[in-house]
There are 2 protein chains.
Amino acid sequence: MGNRRLTVREIAKIAEVSVATVSRVSRGTGQVSPEMRERVLRVIEEHGYQPSQMGRALAERKHGSVAIVFPGLSGPYFSELIQGFESEVVEAGAGVHIMATHNRATADADVLALASRVDGIAVHGGTVSTETVQQLSATVPVVMLAGWPLDGIPAVRADNSAIGKLTRHLLVDHGYRKLAFVGNPGGSPDVTERWEAFLAAHRDARVAAPRNPVRLGLQQSDGVIAAGELLDGRSRPRAVVCANDETALGVLIGALGRGLSVPGDVAITGFDDVPMSSLVQPGLTTVRQPIRELGATTARLLISGVGGRGAVMDAVLATELVLRDSCGCVRA
Amino acid sequence: MGNRRLTVREIAKIAEVSVATVSRVSRGTGQVSPEMRERVLRVIEEHGYQPSQMGRALAERKHGSVAIVFPGLSGPYFSELIQGFESEVVEAGAGVHIMATHNRATADADVLALASRVDGIAVHGGTVSTETVQQLSATVPVVMLAGWPLDGIPAVRADNSAIGKLTRHLLVDHGYRKLAFVGNPGGSPDVTERWEAFLAAHRDARVAAPRNPVRLGLQQSDGVIAAGELLDGRSRPRAVVCANDETALGVLIGALGRGLSVPGDVAITGFDDVPMSSLVQPGLTTVRQPIRELGATTARLLISGVGGRGAVMDAVLATELVLRDSCGCVRA
DNA sequence: ATGGTCCCTGAAAACGGTTACTGCAACGTT
DNA sequence: AACGTTGCAGTAACCGTTTTCAGGGACCAT
């Protein structure tokens, strides 16, 4: 394993041609006579020659790969997002770099260092500071994924306002009065917007909104914790609006585990419409966002080159309210 | 955005030193006098200079990143696996390339092409053909992840034999006679070994095993389909052994949705012990494998260099039987 | 003073590709 | 027959680093 790979010059020597010809044949550019092409192709085939990406990168002054930065791989949302991104990038013949920031102290520095490895970086909202993103974009094209566009930095995101429609549905159509919100608005742009849409819907319906959200993360386990905080006391909310499906499913498990009826005792809603949401009993009312498309669109933007004249600077993808049983609606 | 980055030579010119000195300072090697170091450091700081990875890669003859190849990002297993891999690689200061093969026709060729981009590749079992892996290892270090070691190619995997213990538990301790197996043994080495351990346990207990497994994929939706195939007919099995937790959870949902009692009417078991398995009602009996560790171990092997004298050639990680309610055991 | 170490620094040669430029046939035109 | 095209192949420069090697001071011991 790990035999030294042959170089253009060696292939050229073997085929008794110049390196220029080998290069032309291997990348299919320029004029090469049929017999030359044939000869070189045979040698390439025979020795399994593949041009080294590092030499090529240097000559072409591009790495041939792009990166995606996200908080961590927990749950179906990020899986789907990255799938969408990855597929699109591989399709375009480029490489995919990933980096999860978790809550590493060195996250910002690590992301900055990434800039010297790739041709473009997609940064998921809520992973690194705005200053870092600005700094980053000084050396490499950047796209904000599920975040707000910045000066010269385009964004790809979903329309979070649908959670306003959802809240309105709970308040007006179902007549619920006491709602709770699970999610940390400071954690990411998405959650900020969802919390604000939740508040706005309360104002529109002239119903008092909760003073504070239940500030927790976006994982299922956070939902289970939220259930503990919300459902045990006497002042249980009539409906729990969760920032995403994962937490909603956690709350659902917590509610059912306490012997509560959903939606009879408490209604629960989510955001994303992950596969599990249509499988659980009762089906989860949620907002569908095109997660895969978010990733794919981001990839396309990054690859086609950011910031050209007339380039997309803010792609807001449509979302859709999905009514199932958990809000109190009965399926047809 | 995208300002041209400065090169060593430019930095050298500005700081009025040679490129060699800049390089020595920026990477902290060799002897440099304090005042020189100070001067260069200031210029580097001032202009935000970062050595280009492509120049560096060429000079050092290593890309500084490794890749992981897997079928797709569906479900918690792959998320966890990749997290483990990614964390370890980033820790070591290298970059992480990913590639999902899905069932692309070009998968083998794509993986082969990866070899010119990275210093090492972890290939998940069941993604590309053995010949491709062999070919790959001729040019770049390879580690099989959740697969069998090949000549000169080390493997990192979990001990699948625990599913034999599990099967024995169902046959002997619970006395179930009619078992079914959900999973496609041809799909991946892991499933092959689990099916074989399942069969071996039947032989040991002198109980007739099912002739065929229910050949389906490893996603939750496959479990839901399996439930349809297994639970509707008259000859319903007493217990369903699934190749992983995802499908087990799908079967569980299908069973509960049909009004069947689990484990009363049908027992269900999985493999992996994903977080969800301890949250569902009833809790899922399964085999715990250290998924994150698998990824991390693979990364370490890849980074420390494959195939040196005395290097690990086959790391089999321990697994553990986790008895919960879904097999018929009552929790203490 | 002389020679020998030690430190530092810089010039230049890699590393593996791509490509602008040059040169040379062969061919067609007047 | 002289000349301009055209098509194809090769030479060499370049991409941005790292690193070997050599040279030049400063210092010390004789």
Side-chain angles (χ1 to χ4, degrees), chain A residues 3-41 43-44 47-65 93 95 113 115-119 139-140, chain B residues 3-41 43-44 47-65 93 95 113 115-119 139-140:
Chain A
N3 293 326
R4 206 176 55 75
R5 307 167 53 121
L6 282 85
T7 71
V8 234
R9 290 178 233 271
E10 294 171 300
I11 294 292
K13 178 159 293 177
I14 296 171
E16 298 180 301
V17 297
S18 72
V19 292
T21 302
V22 173
S23 179
R24 282 190 277 254
V25 169
S26 86
R27 64 197 337 256
T29 62
Q31 308 271 36
V32 183
S33 71
E35 57 268 38
M36 273 279 151
R37 173 180 310 283
E38 168 60 20
R39 190 156 95 213
V40 175
L41 237 29
V43 176
I44 286 180
H47 295 78
Y49 167 74
Q50 272 190 311
S52 156
Q53 184 61 214
M54 43 197 178
R56 175 173 289 192
L58 195 51
E60 294 183 343
R61 259 157 302 177
K62 51 184 283 196
H63 303 267
S65 53
S116 58
R117 297 180 170 280
V118 296
D119 300 320
T139 47
V140 80
Chain B
N3 294 326
R4 206 175 56 73
R5 306 168 53 121
L6 283 84
T7 71
V8 235
R9 286 179 238 273
E10 294 171 300
I11 294 292
K13 179 159 291 176
I14 296 170
E16 297 179 304
V17 297
S18 72
V19 293
T21 302
V22 175
S23 178
R24 282 191 276 254
V25 169
S26 85
R27 65 196 338 256
T29 62
Q31 309 270 34
V32 183
S33 72
E35 55 267 40
M36 273 281 153
R37 173 180 309 280
E38 168 60 21
R39 189 158 97 215
V40 173
L41 237 29
V43 176
I44 285 180
H47 295 77
Y49 167 74
Q50 271 190 314
S52 156
Q53 182 62 215
M54 41 197 178
R56 177 173 289 195
L58 194 52
E60 294 183 342
R61 256 155 307 176
K62 51 183 284 197
H63 303 267
S65 52
S116 58
R117 298 181 170 279
V118 296
D119 301 320
T139 47
V140 78

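Chain letters run A, B, ... following the sequence lines, proteins first, then strands; residues in each count from 1. Side chains included, hydrogens not; waters and symmetry mates left out as well; all remaining heavy atoms used.
- The closest donor-acceptor contact from the side chain of Arg37(B) to the backbone of Val25(B) lies at 3.5 Å or more, if one exists at all.
- One interatomic measurement links the two molecules: CD of Gln50(A) to P of dG16(C), which rounds to 15 Å at whole-angstrom precision.
- Rounded to a whole Å, the CE atom of Met54(B) is 13 Å from the C1' atom of dT18(C).
- In the helix from dA1(C)-dT30(D) to dT30(C)-dA1(D), the rotation axis of the first five pairs and that of the last five pairs differ in direction by 60°, rounded to 10 degrees.
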Identify each atom pair where a protein N or O and an N or O of nucleotides 8-15 of chain C are less than 3.5 Å apart, giving names and distance.
residue: dC8(C); atom: OP2; partner: Gln31(B); partner atom: OE1; Å: 3.2
residue: dT9(C); atom: OP1; partner: Ser33(B); partner atom: OG; Å: 2.6
residue: dT9(C); atom: OP2; partner: Ser33(B); partner atom: N; Å: 2.8
residue: dG10(C); atom: OP2; partner: Ser18(B); partner atom: N; Å: 3.0
residue: dG10(C); atom: OP2; partner: Ser18(B); partner atom: OG; Å: 3.3
residue: dG10(C); atom: OP2; partner: Thr21(B); partner atom: OG1; Å: 3.0
residue: dG10(C); atom: N7; partner: Arg24(B); partner atom: NH2; Å: 2.9
residue: dG10(C); atom: O6; partner: Arg24(B); partner atom: NH1; Å: 3.4
residue: dC15(C); atom: O2; partner: Ala59(B); partner atom: N; Å: 3.4

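- Residue Arg56(A) has a polar side-chain atom (N or O) positioned under 4.0 Å from OP1 or OP2 of dT18(C).
- Glu38(A) pairs by the side-chain hydrogen bond (donor to acceptor under 3.5 Å, both in side chains) definition with Arg42(A), not counting sequence neighbours.
- Side-chain atoms of His63(B) come within 3.5 Å of backbone atoms of Arg117(B) as a donor-acceptor pair (strictly under, hydrogens ignored).
- Residues passing the side-chain hydrogen bond (donor to acceptor under 3.5 Å, both in side chains) test with Thr21(A), sequence neighbours excluded: Ser18(A).
- Pairs of residues two or more places apart, or lying in two chains, never qualify as salt bridge (charged side-chain N to carboxylate O under 4.0 Å, His left out) while including a residue from residues 14-26 of chain A.
- Looking at heavy-atom distances under 4.0 Å, Ile11(A) makes no contact with the nucleic acid at all.
- Between the CZ atom of Arg117(A) and the P atom of dG16(D) there is a distance of 18 Å, rounded to whole Å.
- Between dG16(D) and Ser52(B), no contact under 4.0 Å exists linking OP1 or OP2 to a side-chain N or O.
- When the side-chain nitrogen and oxygen atoms of Tyr49(A) are compared with OP1 and OP2 of dG17(C), one or more of them lie within a distance under 4.0 Å.
- For the pair Lys13(A) NZ and dG16(C) P, the interatomic distance rounds to 14 Å; values are reported in whole Å.
- Distance alone, capped at 3.5 Å, places no donor-acceptor pair between the Arg9(A) side chain and the Val19(A) backbone.
- A search for side chain to side chain contact (heavy atoms under 4.5 Å, CB included) contacts involving Ile11(A) returns Leu6(A), Val22(A), Val43(A), Ile44(A), His47(A), Tyr49(A), not counting sequence neighbours.
- Proximity of Arg27(B) to the phosphate of dT19(D): a side-chain N or O atom is located under 4.0 Å from OP1 or OP2.
- In this view, Arg27(A) and Glu60(A) satisfy the side-chain hydrogen bond (donor to acceptor under 3.5 Å, both in side chains) rule, not counting sequence neighbours.
- Here the shortest heavy-atom pairing between Asp119(B) and Gly64(B) reads OD2-N, 2.6 Å.
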